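One structure below.
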Amino acid sequence: MSLRVEDLRVYYQTLEGEVKALDGVSFAIADGEIMGLAGESGCGKSTLAQSIVRLVPPMKLVGGVVELDGEKLPIDDFEAMNRHRMVGVSIVPQYAMSALNPTRKIGKLIKELLGARGISYRAKLPELENRLQLVGLPREVLDMYPIELSGGMKQRVVMVISTLLDPSLLIADEITSALDVSTQRAVAEMLVDFRDREIVKSMMVVTHDVSILYQIADSILIMYAGQPVESGPAEVITHAPRHPYTQLLVGSLPQVGVRYDEQPLSGIAGNPPGLIDPPSGCRFRPRCPFASERCESRPPLVEIGDGHSVACWKVMEEEDARV
Amino acid sequence: MRRYFGRKLSIYGLTFFVAVTVNWMIPRFMPGDPIESMVARLTMRPETVEPMREYFERFFGYDVPLWKQYLNFWGALLQGDLGTSVWLFPRPVTSVIMGSLPYTLGLLLPAILLSWWAGNKFGAIAARNRWLDNTFLPVGYLLTATPYMWLALVLAFLLAWQFDLFPLAGAYSVTLRPNWSWTFVWDLLRHWFLPFATLFIVAFGGWAIGMRNMIIYELEADYSRYLESLGAPRRLIRRYSFRNALLPQITGLALQLGAVVAGALVTEIVFSYPGLGWVTLKAVENLDFYLLQGVFLFIVAGVLVANFLIDVVYVLVDPRTRLGMQGRAA
């Protein structure tokens with residue numbers, strides 16, 4: 001088991017009160033697995049990605065355990081985490097286009113980054129050049145400044161830097177969001193390639209775009225308002241989702257062969273709830289078409305099939321009725 | 001690269017031309033007649049007044065039309081001749097300026113460079129120390145908002161008048177003759193300190209505040225966050241942000257030069273320090289057109305040269321200007 005997250009709670013401290021961005025998140029990623037993490041804006045997916053790598057104020061760890069390869073990560077101890085960053089867990093951030101120091105040549109930046117860990121740049125250079133080739137960049141980029149590269153090139157450079165020390169877990173935070181569709185595909189394939197070549201052991205791909213996950217992910221975790229609502233194999237989540245939220249989320253994707261002028265594309269009415277004082281019980285209750293009285297208490301995440309878990313009273317009742 | 005500097009140089013050339021022209025115009029439109037006052041000062045007997053006036057008018061070139069005076073002025077200027085001082089007649093303006101220039105440079109260069117260096121260092125430290133930040137920030141704003149002459153007066157009153165730690169005025173004691181003895185150098189330094197401190201303190205506050213704000217901005221920048229996510233040591237991240245925060249401070253230095261020079265003028269006047277500022281005051285008091293022109297010319301030239309140097313430095317330290325110039329982009 002590469003990554004195991006147990007009942008993780010991370011709150012943002014604000015003047016109005018604590019924003020419960022992650023409120024009891026549990027999941028696991030196996031070795032060699034690519035897990036997709038999806039949900040609307042504000043569901044806590046980026047907070048989850050950030051808090052595993054760089055948990056800084058106003059984020060506050062309230063509870064929970066994160067384990068990587070059987071070792072507990074000190075995610076709320078900034079200095080102690082340095083030992084695990086880039087080696088154990090690494091991130092390709094959402095802001096990859098502006099993630100490089102504009103006044104350093106890329107080669108020099110990498111050299112100083114490695115030097116700080118006591119790793120020789122020269123010894124690592126052949127591997128670095130391999131990796132650049134892998135993502136389709138010429139070795140000349142090492143002698144260039146970030147402004148000399150296009151946005152897509154910068155992002156690939158960031159991917160190479162983040163994975164240079166073969167981390168156990170790579171977190172890709174919304175990395176396809178700012179790209180056009182053809183580049184999205186190329187980046188998605190690169191991610192799979194990195195896993196297949198065992199450059200990274202496992203991967204967590206954070207996105208709001210479920211269709212990308214269907215192409216590359218082995219499993220998918222759907223989050224809503226700071227809590228996981230459904231998780232399972234990618235195939236099951238995209239084709240036979242059970243949670244009403246997942247069904248609506250997947251149902252709002254356009255499908256090939258359907259003419260939407262005849263049958264309007266459905267969305268999900270309403271907005272995610274504010275997380276300072278979230279609704280009690282099931283947090284999807286105010287927007288859920290099937291909500292009833294029992295939804296006033298929080299449904300547990302229950303496994304209903306092979307690796308397929310859902311947190312919904314209605315689904316549990318249907319399962320009970322079937323048995 | 002050549003095109004960039006060519007363009008810069010032509011802009012500086014144009015600025016110089018306009019500034020010198022304005023310098024030439026300003027004294028001439030001031031009320032009062034310098035020849036009149038000079039004649040009045042020198043003449044003993046009434047019958048010598050007319051020949052004296054004619055002689056001086058010819059000597060200073062006032063007997064030709066204004067446009068010709070202007071052309072003559074440029075002609076002389078290009079030969080390095082700034083005319084003769086009215087106030088210290090018959091000393092040439094260049095010799096008066098050369099006599100006072102070392103004092104102004106001796107004040108300005110250390111004040112500008114040291115305050116810039118120390119302000120940046122201190123601001124960078126304050127940016128990551130909450131206690132220092134909270135105490136220094138208000139003081140810094142107070143310092144940079146202080147007018148030079150006010151601080152000069154306060155320092156003169158406290159340190160020179162009340163506590164008698166430093167001499168009140170002049171560049172050296174009237175009892176000494178300039179020579180290279182330790183006594184004289186020590187005396188020179190004691191006279192230099194208060195005007196220097198005035199310039200240094202006001203400028204220091206501004207640099208420190210600017211650097212503090214820039215560092216905080218750079219430490220929050222995406223590249224700093226990414227380096228943190230990669231587990232880079234704080235030292236490396238701070239080094240990067242310090243360097244990047246320094247770039248706008250270099251531009252700031254170019255912009256501030258004019259203000260610091262003006263500050264030096266009033267400071268010198270407060271301390272009767274015989275630099276260009278003090279000479280300017282005397283020139284105005286004595287309606288000394290040529291001297292005033294000459295001093296302004298030096299200030300304009302000095303600010304332009306310093307700005308040009310900063311342009312060169314900027315090209316050296318910021319790859320973005322360098323690459324932008326070559327039009328190289330992938």
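Here is how names work: the chains are called A, B, and so on, in the same order as the sequence lines, proteins then strands, and each is numbered from 1. Bear in mind the structure is a predicted one, so any value in this text is a computation, not a measurement.
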Original post:
Counting only heavy atoms not in A:Lys108, do more than 12 sit closer than 6.0 Å to its NZ atom?
Top reply: no
**OP:** Examine whether an atom of A:Arg83 lies under 4.5 Å from a heavy atom of chain B, and if so say whether it belongs to the side chain, the backbone or both; otherwise answer neither.
**Re:** neither
Original post:
Among B:Ala232, B:Pro233, B:Ser229, which residue forms the greatest number of heavy-atom pairs with chain A at distances under 4.5 Å?
Top reply: B:Ser229
Subject >> Closest contact, heavy atoms only, B:Glu228 versus A:Asn82 >> reply: O-OD1, 4.4 Å
Subject >> Heavy atoms of other groups near B:Arg243 CZ, more than 12 under 6.0 Å >> reply: yes
Original post:
Given that the side chain runs from C-beta out, which part of B:Arg234 has a heavy atom under 4.5 Å from chain A: side chain, backbone, both or neither?
Top reply: side chain
Subject >> Proximity breakdown for B:Leu236 and chain A, heavy-atom pairs closer than 4.5 Å >> reply: side chain
Original post:
Hey, what do you get for CZ (A:Arg85) to CG (B:Leu227), rounding to the nearest 0.5 Å?
Top reply: 11.5 Å
Original post:
Where on A:Leu109 is there a heavy atom nearer than 4.5 Å to chain B: the side chain, the backbone, both, or neither?
Top reply: both
Original post:
Ignoring hydrogens and geometry, is there a side-chain-to-backbone donor-acceptor pair from B:Tyr240 to A:Arg104 under 3.5 Å?
Top reply: no
Subject >> Contacting moiety of A:Arg54, where chain B heavy atoms sit under 4.5 Å >> reply: side chain
Subject >> B:Tyr226 and A:Ser162: side chain donor to acceptor below 3.5 Å >> reply: yes
**OP:** Could you tell me which portion of A:Val87 (side chain, backbone, both or neither) has an atom closer than 4.5 angstrom to a non-hydrogen atom of chain B?
**Re:** neither
Original post:
Using a cut-off of under 4.5 Å for heavy-atom pairs, which of A:Arg117, A:Met97, A:Lys105, A:Met81 has the most such pairs with chain B?
Top reply: A:Arg117
Subject >> Atom group of A:Thr103 that falls short of 4.5 Å from chain B, counting heavy atoms >> reply: both
Subject >> Residue selection (most heavy-atom pairs with chain B, distance under 4.5 Å) from A:Pro102, A:Ala99, A:Ala96 >> reply: A:Ala99
